[in-house]
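These notes concern the structure reproduced below.
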There are 2 protein chains.
Amino acid sequence: MSTEAASRRGVPDATVARLPGYLRALTAFVDRGITSVSSEELATAAGVSPAKLRKDLSHLGSYGVRGVGYDVARLAEEITDVLGLARDWPVAIVGMGNLGRALAAYRGFATRGFKVVAVLDHDARLVGLRTAGHTVQPMSALPRLVADEGLAIGVIATPPGSAQLVADQLVAAGVRSILNFAPQVLSVPPGVDVRKVDLATELQILAFLAQQRDLETGAEAEVS
Amino acid sequence: MSTEAASRRGVPDATVARLPGYLRALTAFVDRGITSVSSEELATAAGVSPAKLRKDLSHLGSYGVRGVGYDVARLAEEITDVLGLARDWPVAIVGMGNLGRALAAYRGFATRGFKVVAVLDHDARLVGLRTAGHTVQPMSALPRLVADEGLAIGVIATPPGSAQLVADQLVAAGVRSILNFAPQVLSVPPGVDVRKVDLATELQILAFLAQQRDLETGAEAEVS
DNA sequence: GTGTGTGAAAAATTTCACAGCT
DNA sequence: AGCTGTGAAATTTTTCACACAC
């Protein structure tokens, strides 16, 4: 229980969203044998401004030393604590299409605080097959996974048409954190967190920015 | 050139980030044969508040009718225009690992304004293989793809160690929009847009929220 | 009557700039 | 002397509430 400041309410959402990036940068410093960094170095590595970094870290408490910088290992541990990554979170991936299989094979889970405890699919023809070290299980396995494995996070990698049903089944089984890769708005009861990853949305934002660049290049009537 | 208001500078970033969601919801309404929606209906379908939706749309101009609502087809067309999706954007996917192959096989591109014109890999042993209807090309093909196919957007699906090199090669070839799936901060010259999709970050944010829920449930000392 | 469009208020986030600790 | 931590200012985003067009 060394997390006094960390357990306080009131870390802004925008800050929380950046903490994983800081943690990744810190881990890279650890790997390179660097034990101390300034806010400027860490900010550069994480792709943010130094002022933003310092403000973000100030919400966790004071873990730097004025005139010196931050102890890499200590700050990494603190952020790990704040994010709740001191323990591993059991994850299940639902939907064994192309994306689901790619996610199941992804190596990055283990090193970052997550453990894939099961892969599932609604389609009976896929149940029993093996992918990336896992045997595909039916949706009916969910309650047992929650009870026995402590399953806490569900990843939805199904076609959009099945996403809501899968979300309902996850929630019914007791899962309260969902990462949704399907391009579909999910409705879930209060107390359940959903985050969305959407390829098409990101591409469309890039298209908007690209078009804006083109328009600006084409039209030279600007107030300096 | 019917986009007067649309071509104006000053659509807020937060609004741009939500436009793809509105477009998707509108497309779903079109498919269901619905020709008119209120801000409340559209907001619900897109997962935002009605006030936010109306404010967002007000930045594009007035495309609703007071007392009635929005013409689904007209609004969809307007957002399509604003986002620059009236034409197809040529996309290349770099990195034919699990994720790259899954992305190459993804059906959602075509229907949303994008066209995969090539898949590439740095590894000579993969070049020439066929995946999802494409022949894997070497990185040296980039300049020709930009010149001949109008390649505008690069998707990086490589391991983190190769991501910066790939980004450099994309930029050198003239690509100015990059979608990065590798957990690696990219440094690019001004005028190049990078957006990041990061599985681990999203999971870590979910972990934070889940832990916070657990802490709040455990500790009953609250000011109502 | 109904539901949009929008000023104004509120809230959240970012940036600034410097006091204060080492 | 150097770099963090932080109030205060600036900016962005969200929410409110109602005038106004149909």
Figure out the CG/P separation between B/L60 and C/dT4, and round it to whole Å. 15 Å
Side chains of B/Y22 and B/D56, heavy atoms from C-beta outward: is any pair under 4.5 Å? yes
Check the distance between D/dT12's P and B/H59's NE2 and give it to me in whole angstrom. 12 Å
Side-chain N or O of A/Y70 less than 4.0 angstrom from OP1 or OP2 on D/dG5? yes
Less than 4.5 Å apart, side chain to side chain, heavy atoms only: is that true for B/V188 and B/L170? no
Taking CG from A/D13 and C1' from D/dT14, how many angstroms apart are they, rounded to a whole number? 13 Å
B/E78 CD - C/dT4 C1' separation (whole Å): 16 Å
What closest approach, in Å, do B/R18 and B/V48 show between heavy atoms, and which atom pair accounts for it? CD-CG1, 3.9 Å
Would you say B/Q204 and A/L85 make side-chain contact, with heavy atoms under 4.5 Å? yes
To the nearest Å, how far apart are B/R74 CZ and C/dT4 C1'? 14 Å
Contact letters for nucleotides 17-22 of chain D, in which S counts primed atoms plus P, OP1 and OP2 and B counts the base, heavy atoms under 4.0 Å: B-BBBS
When rounded to whole Å, the CG to C1' distance for the pair B/L53 and D/dT13 reads 15 Å
Can you pull out how bent the helix from C/dG1-D/dC22 to C/dT22-D/dA1 is, comparing the axes over its first five and last five pairs, to 10°? 0°
Would you call B/T158 and B/L165 a side-chain contact if the rule is heavy atoms closer than 4.5 Å? no
Quick one, B/Y63 and B/D71 - any side-chain contact, counting heavy atoms below 4.5 Å? no
Pairs involving residues 83-94 of chain A, ordered by first then second residue, that meet salt bridge (Lys or Arg N to Asp or Glu O under 4.0 Å) (sequence neighbours left out): A/R87-B/D214
Pairs under 3.5 angstrom, nitrogen or oxygen only, protein versus nucleotides 7-9 of chain D, please.
{"unit_1": "D/dG7", "atom_1": "N7", "unit_2": "A/K55", "atom_2": "NZ", "d": "3.4"}

Interatomic distance where CZ belongs to A/R18 and P belongs to C/dT13 [whole Å]: 8 Å
Mind calculating the distance between CG (B/D56) and P (D/dT15) to the nearest angstrom? 11 Å
Is there a side-chain contact between B/R213 and A/D193 in this structure, where contact means two heavy atoms from C-beta onward sitting under 4.5 Å apart? yes
With sequence neighbours left out, what residues match A/V65 under side chain to side chain contact (heavy atoms under 4.5 Å, CB included)? A/V68
Would you jot down, in residue-number order, the residues of residues 38-49 of chain A having a non-hydrogen atom under 4.0 Å from DNA chain D? A/S38, A/S39
Can you name the nearest heavy-atom pair linking B/R54 to B/S39, along with the distance? NH1-OG, 3.2 Å
